[in-house]
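What follows is one structure encoded as structure tokens, with my remarks underneath.
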There are 2 protein chains.
Amino acid sequence: MTESEVMVATGQDAAEPGLTAPASGQRRIRRENVERILKAAELVFAEAGCAGATMTEIADRAGLPKANLHYYFRTKEDLYRAVLDNVLRMWLAPVRSIQPEADPATALAEYVVAKMRLSRTRPNASKVFANEVLHGGGQIQDFLARDLRQLLDQKAEVLDGWIAKGLMAPVDSRHFFFMIWAVTQHYADFDLQIRMVLGRKKLSRQEYERITAEVVRMVLRAAGLNAAADLMDLAGRTG
Amino acid sequence: MTESEVMVATGQDAAEPGLTAPASGQRRIRRENVERILKAAELVFAEAGCAGATMTEIADRAGLPKANLHYYFRTKEDLYRAVLDNVLRMWLAPVRSIQPEADPATALAEYVVAKMRLSRTRPNASKVFANEVLHGGGQIQDFLARDLRQLLDQKAEVLDGWIAKGLMAPVDSRHFFFMIWAVTQHYADFDLQIRMVLGRKKLSRQEYERITAEVVRMVLRAAGLNAAADLMDLAGRTG
DNA sequence: GGAAAACCTGACCGTTTAGTCAAAAACGGA
DNA sequence: TCCGTTTTTGACTAAACGGTCAGGTTTTCC
């Protein structure tokens with residue numbers, strides 16, 4: 001599964017691609033139903049895992065009969081791949097802020113904020129990703145070994161550049177990224193644990209923003225950017 | 001599932017507990033087979049998740065016929081609970097080093113080292129735990145809301161004490177623990193991603209120790225303990 | 001050595017699940 | 001309105017799975 005193959009399932013790979021498919025976008029009904037199915041599937045796959053999810057459950061959540069799912073997606077695995085492809089595409093996006101000419105503290109803070117926002121707004125996507133890596137099927141290995149590796153190499157080089165210029169502490173740039181991924185995704189993947197342990201039913205948006213600021217401070221300090229972290233401290237506590 | 005109920009499955013809760021059970025420990029055969037089954041089960045549950053694991057697969061890995069599993073563990077859920085109980089017990093152990101009178105840098109470093117060692121030596125245990133939290137069944141909620149919450153409250157208080165004395169930066173102690181958990185367990189739960197992205201087939205013990213040192217440095221810096229982290233820098237790079 | 005307890009296991013059963021299919025209904029351009 | 005195309009769906013099948021059980025074998029203890 002290379003990056004170029006990561007795409008929204010248009011459904012054209014199921015049920016005999018319309019050879020006479022009109023250029024004017026897909027049929028309305030197909031587009032709407034595919035979207036509904038993918039949304040329901042992401043939820044169910046996140047809740048139950050790939051093996052634990054059933055087509056019947058997904059169909060019920062989408063408000064469609066099961067046979068209809070098999071009309072748009074030939075097999076359960078096809079549907080799972082489509083969901084996963086969406087998730088992977090989303091995963092790669094927030095890293096853009098890491099650029100050589102950027103200010104390290106600003107860029108890292110922006111990156112963490114973007115990752116935390118993704119954890120809040122799309123926890124199910126993160127869970128599907130986590131589940132897939134956890135039970136390392138062949139599904140995701142190409143993505144990890146090709147696309148993600150290439151991306152990490154690029155961005156690690158940016159950090160190494162900053163370090164060489166003395167702009168941040170001499171961390172191992174790759175493992176520094178692992179730390180950011182681990183911490184930010186933790187708030188989506190382990191949200192049950194976090195809520196139970198904090199005794200909260202749900203984390204409000206305000207609470208989430210406070211947590212995000214805290215995570216940013218810790219990450220900045222881990223990078224040796226204490227001045228920036230302390231500035232945040234001031235802003236966060238007085239604002 | 002309270003902490004007191006967290007225990008190794010002795011098998012006495014399956015197949016009619018021997019009412020005439022001898023005080024001199026369990027029967028040898030039972031003890032050995034239960035251990036083999038639990039070991040195989042932990043592996044399979046980690047690889048496939050709870051729903052994806054099959055009794056047949058576990059039986060094959062344990063080298064026993066499937067019916068034999070049901071002799072020691074009445075149902076798949078009973079077996080899963082037994083595995084999970086082992087995992088949870090292990091999870092709570094390493095936190096001991098966090099004590100009020102300890103030196104923050106030393107205690108935190110020891111804690112991170114212990115958690116990283118657990119990730120290296122028992123990755124499957126970590127994966128079973130992660131999978132359970134991810135798909136939050138009722139199984140683990142009591143543990144999280146009671147035992148883990150209580151433990152976190154205790155240890156957060158220790159950190160707050162250190163902070164009050166000015167021994168470390170004013171972090172949110174609970175979220176600081178979340179960061180440690182996230183980062184250390186990441187190396188077990190996401191080891192596939194880490195190996196793929198680094199282009200390694202397997203991480204050697206030496207590599208793991210280098211990574212552990214790096215993680216310790218980042219955690220210490222995140223806690224504002226830069227002096228200790230820099231000392232480690234020196235030791236790690238010259239030693 | 002003998003009896004009771006513990007252990008073993010092939011064959012079997014009911015349920016759940018992914019996937020199929022054919023016939024009907026809805027759609028949409030001419 | 002008409003006709004080919006797309007969409008819908010209840011009923012069905014085969015396979016996989018968790019769990020059962022009866023009858024046999026081994027172990028343990030006196």
Side-chain angles (χ1 to χ4, degrees), chain A residues 9-37 40-41 44-45 47-83, chain B residues 9-37 40-41 44-45 47-83:
Chain A
T10 57
Q12 291 180 358
D13 51 350
E16 301 301 328
L19 294 175
T20 57
S24 65
Q26 309 146 41
R27 291 265 170 287
R28 201 191 90 257
I29 294 176
R30 170 173 287 269
R31 185 162 36 82
E32 284 176 5
N33 281 342
V34 164
E35 199 162 343
R36 277 172 71 181
I37 294 169
V44 175
F45 282 131
E47 279 180 355
C50 178
T54 70
M55 293 298 271
T56 303
E57 171 81 12
I58 296 171
D60 287 350
R61 297 250 195 179
L64 296 171
K66 190 187 66 152
N68 212 342
L69 264 63
H70 282 101
Y71 172 71
Y72 288 107
F73 299 92
R74 199 162 41 86
T75 67
K76 178 174 151 180
E77 191 177 320
D78 281 355
L79 176 53
Y80 182 67
R81 264 186 211 245
V83 170
Chain B
T10 59
Q12 289 180 359
D13 51 350
E16 300 304 325
L19 294 177
T20 58
S24 65
Q26 310 146 41
R27 293 263 171 288
R28 199 191 91 256
I29 293 176
R30 170 173 287 270
R31 186 164 33 85
E32 285 177 4
N33 279 342
V34 163
E35 199 163 343
R36 277 172 71 182
I37 293 169
V44 174
F45 282 130
E47 280 180 353
C50 179
T54 70
M55 293 299 271
T56 304
E57 170 80 12
I58 296 171
D60 288 349
R61 297 250 195 178
L64 296 171
K66 189 185 63 150
N68 212 344
L69 264 64
H70 283 100
Y71 173 71
Y72 290 107
F73 299 92
R74 200 163 40 86
T75 66
K76 177 175 151 179
E77 191 177 319
D78 281 355
L79 176 54
Y80 182 67
R81 265 185 211 245
V83 170

(message) Please determine whether salt bridge (charged side-chain N to carboxylate O under 4.0 Å, His left out) holds for the pair B:Glu35 and B:Arg31, giving the CA-CA distance in whole Å, both sets of side-chain angles, and the decisive distance to 0.1 Å.
(response) CA-CA 6 Å; B:Glu35 199 163 343; B:Arg31 186 164 33 85; 5.6 Å; no

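- Separation of atoms CG (B:Asp78) and CZ (B:Arg74) is listed at 5.0 Å; rounding is to 0.5 Å.
- Between B:Tyr71 atom OH and C:dA5 atom P there is a gap of 13 Å when expressed in whole angstrom units.
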Between the protein and nucleotides 17-24 of chain D, which nitrogen or oxygen pairs come in under 3.5 angstrom?
residue, atom, partner, partner atom, Å
D:dG18, OP1, B:Ala53, O, 3.3
D:dG18, OP1, B:Met55, N, 3.4
D:dG18, OP1, B:Lys76, NZ, 3.3
D:dG18, OP2, B:Met55, N, 3.0
D:dG18, N7, B:Lys66, NZ, 3.1
D:dG19, OP2, B:Lys76, N, 2.6
D:dG19, N7, B:Lys66, NZ, 3.0
D:dG19, O6, B:Lys66, NZ, 2.7

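- For the atom pair CZ (B:Arg61) and CD1 (B:Ile58), the distance works out to 10.0 Å, reported to the nearest 0.5 Å.
- Atom CG of A:Leu79 is separated from atom P of C:dT17 by 16 Å (rounded to the nearest Å).
- To the nearest 0.5 angstrom, B:Thr75 atom OG1 is 7.0 Å from B:His70 atom NE2.
- Remark: A:Lys66 NZ to A:Met55 CE distance equals 8.0 Å, nearest 0.5 Å.
- Nucleotide C:dC7 holds its C1' atom 15 Å from the CZ atom of B:Phe73, rounded to whole Å.
- A:Asn33 contributes atom CG, which lies 10.0 Å from atom CZ of A:Phe73 (distance to the nearest 0.5 angstrom).
- Separation of atoms NZ (B:Lys76) and CG (B:Leu69) is listed at 11.5 Å; rounding is to 0.5 Å.
- For B:Glu32, the CD atom is densely surrounded, since the number of other residues' heavy atoms within 6.0 Å is greater than 12.
- Distance CD (A:Glu32) to C1' (D:dT7): 13 Å, rounded to an integer number of Å.
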Restricting to nitrogen or oxygen on both sides, can you table the protein-nucleotides 22-25 of chain C pairs closer than 3.5 Å?
none

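- A:Arg30 has its CZ atom 8 Å from the C1' atom of D:dT6, to the nearest Å.
- For B:Arg28, a side-chain nitrogen or oxygen approaches OP1 or OP2 of D:dT28 to under 4.0 Å.
- A pairwise comparison of heavy atoms in A:Gly52 and B:Ala51 identifies CA-CB, 3.5 Å as the closest pair.
- Between the C1' atom of C:dA6 and the CG atom of B:Asn33 lies a distance of 12 Å, rounded to the nearest Å.
- Atom pair A:Arg36:CZ and D:dT8:C1' shows a separation of 13 Å (rounding to whole Å applied).
- Protein atom CG of B:Leu64 is 15 Å distant from nucleotide atom C1' of C:dG10, rounded to whole Å.
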